[in-house]
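The structure under discussion appears below in the form of structure tokens.
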Amino acid sequence: MNPATTAAAAPRVGGHGSFHGWRIVAALAVTQTVGYGTLYYAFAVFLQPMATTLHASTTTVTGALTASILAGAVMAVPVGRWLDRHGGRALMTAGSAAATGLLVAWSQVRTVTQLYAVLVGVGLTSAMVLYESAFAVVVSWFDPQRRARALLTITIVAGFASAVFLPLTGALVQRYDWRHALLILAALHGVVTIPLHGLVVRRAPHLTITARQRASASRSAVVRAAVHDSRFWALGVAFVAHGAAMTAMTVHLVGFLTSRGHPVTFAATVAGLLGVLSVTGRLVLTGAQRRIRITTVVAAIYAVQAVAALALLAIGNSRTGAVAGVVAFGLGFGISSLASPALLADRYGTIAYATIAGILTVPITLARAGAPLGAAALHTAGGYTPVLAAIGVACLIAATGIVTRASAPPPVPDTDATNDDLAARLNGAART
């Protein structure tokens, strides 16, 4: 057993710790729902009215969201390092407060330049408060047996963020206007997320000062071992390819279905199934991994998505075929958010989890930001056939990456301490 794994094995549940760990899960389920609803999904509703008010094209305004996503990628590694060293309470509380202020500032923008500046700020704060930070907190609290259930709880609840906040934001815009709607959402975000992050999120009880000091000595070694591990980069290829495929399908599915003769209302309704099916896929993954190796389950689901994307080219003309293809594809829509923390924590432990996850987040985010543009270029060159073919190939690449070197032993960090010595010291600190 390597030092990363032994650090992960330190007790972190039971007694008061177990009880408060689930309180944190409940709090984060709420804050992630509100956070994604206000900081990300609401943008789609504001797009057209903002473009009209600012006298800009929707393409120009959409670029602000891309800038926001890229800003989040820039913050991924620094945020991960902070989480590993200091935990999530201060970071997520400060990020929530800053994000609330930025929502207010967003409501007051008068130029496209101001919009871009505010959305870049939203991207920076989103990296501090959304999934990556929340998952790092959960990973530090729960052992592998309970971790999957804890992460599943958060992602299932937050998976309904779009279903709640898209119609809510639309109703607010219709009743008031987009500026007042943003002020209302800012108030909701501040009232919900700031106190929950500040009062509920805390460091896991096994992470005492002594344990943190001893773990910090090996953290950099664990990170170095991870980035020199070919398995890490195989996972990186898998999640980058899958993230790109999911974003491209999200953006272009409605257009593909309408190009096959389906009404816009039908196409939009079918596309909306992706969000609901992401919850179903997460439930399937969590249940199946109790009996089947997680890499096998994830690779199989990715492969099904590849077949579904390619099959849509043949069966997408009929309503039944379109629904069947989207349902098959949608089962894998949200599983990477569960598979990534599970695979990284199981292989590299938890003492440097957030930093390692942050390193992986950067290329994944860049792929998600660029995939719609790449798919648009393919569509311009040859219609939707090369777009769906590329999505299918990307899913096959993801499936291959998930199983590549899956049986290889974890890397052993280059530390002065022996494995057994480090394990004994960390477990001893956990009992103090």
Side-chain angles (χ1 to χ4, degrees), residues 31-76 78-79 91-131 133 161-195 197 247 250-251 254 268 365-366 368-373 376:
T31 63
Q32 297 307 292
T33 304
V34 175
Y36 273 103
T38 57
L39 301 177
Y40 182 74
Y41 290 115
F43 183 92
V45 180
F46 295 139
L47 175 59
Q48 190 59 55
M50 281 194 303
T52 301
T53 301
L54 299 177
H55 306 290
S57 68
T58 55
T59 301
T60 300
V61 174
T62 302
L65 180 62
T66 301
S68 178
I69 294 172
L70 294 176
V74 171
M75 283 289 286
V79 164
L91 181 77
M92 299 185 77
T93 304
S96 296
T100 299
L102 286 165
L103 287 171
V104 174
W106 185 359
S107 74
Q108 303 303 309
V109 298
R110 295 292 186 270
T111 67
V112 171
T113 301
Q114 292 175 351
L115 176 66
Y116 271 69
V118 170
L119 265 293
V120 166
V122 169
L124 296 176
T125 55
S126 294
M128 300 165 66
V129 300
L130 295 182
Y131 269 167
S133 295
S162 60
V164 173
F165 278 88
L166 286 176
L168 172 61
T169 305
L172 291 173
V173 171
Q174 185 174 10
R175 180 166 183 175
Y176 304 104
D177 57 38
W178 69 272
R179 295 188 187 277
H180 286 89
L182 267 168
L183 289 173
I184 294 171
L185 292 180
L188 175 63
H189 184 274
V191 167
V192 173
T193 64
I194 296 174
H197 287 154
T247 306
T250 300
V251 173
V254 172
T365 304
L366 294 176
R368 287 173 175 168
L373 298 176

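Starting from 1, each residue takes its place in the sequence as its number.
Judged as a side-chain hydrogen bond (donor to acceptor under 3.5 Å, both in side chains), and not counting sequence neighbours, T52 has no contacts. Evaluation of the ring pair (Phe, Tyr, Trp, His ring centres under 6.0 Å) rule for Y36 yields Y131 as partners, not counting sequence neighbours.
The two residues A71 and L124 make their nearest non-hydrogen contact at O-CD2, 3.4 Å. Taking all atoms of both residues into account, the shortest heavy-atom contact from L54 to L115 is CD1-CD2, 4.0 Å. Taking every heavy atom of both residues into account, P195 and G190 meet most closely at CD-O, 3.4 Å. Closest approach of G37 to A161, counting heavy atoms only: N-CB, 4.1 Å. The shortest non-hydrogen separation linking I194 to A97 is CD1-CA, 3.6 Å. The minimum heavy-atom distance linking H189 with T100 is given by the pair ND1-OG1, 2.9 Å.
Considering OG1 of T53 and CG of D177, their distance stands at 7.5 Å, rounded to 0.5 Å. Expressed to the nearest 0.5 Å, how far CE of M50 lies from OG1 of T60 amounts to 11.5 Å. The line from OG1 of T111 to OH of Y116 is 11.5 Å long, rounded to the nearest 0.5 Å. Residue L119 holds its CG atom at 11.5 Å from CG of L70, rounded to the nearest 0.5 Å. Atoms CG and OG1, on L103 and T125 in that order, are 8.0 Å from each other to the nearest 0.5 Å. Remark: M128 CE to T93 OG1 distance equals 9.5 Å, nearest 0.5 Å.
The main-chain N or O of V129 is found under 3.5 Å from a side-chain atom of Q32 such that the two form a donor-acceptor pair. Remark: side-chain polar atoms of R175 are not paired, donor with acceptor, to backbone N or O of V173 under 3.5 angstrom. Judged by distance alone, with hydrogens and angles left aside, the side-chain atoms of S133 form a donor-acceptor pair with the main-chain N or O of A127 at under 3.5 Å. The backbone N or O of A64 sits nowhere less than 3.5 Å from a side-chain atom of S68 that would complete a donor-acceptor pair. Checking side-chain atoms of T169 against main-chain N and O of L166 turns up no donor-acceptor pair under 3.5 Å. A donor-acceptor distance shorter than 3.5 angstrom exists from the side chain of S107 to the backbone of V104, with no hydrogens or angles considered.
No more than 12 heavy atoms of other residues, nucleotides or ligands sit less than 6.0 Å from atom OH of Y40.
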Given L172 and W178, is the side chain to side chain contact (heavy atoms under 4.5 Å, CB included) satisfied, shown in steps? CA-CA 8 Å; L172 291 173; W178 69 272; over 6 Å; no
Working for side chain to side chain contact (heavy atoms under 4.5 Å, CB included), residues L185 and F46: CA-CA 12 Å; L185 292 180; F46 295 139; 3.9 Å; yes
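With a 4.5 Å cut-off on side-chain heavy atoms, I184 and Y176 count as touching.
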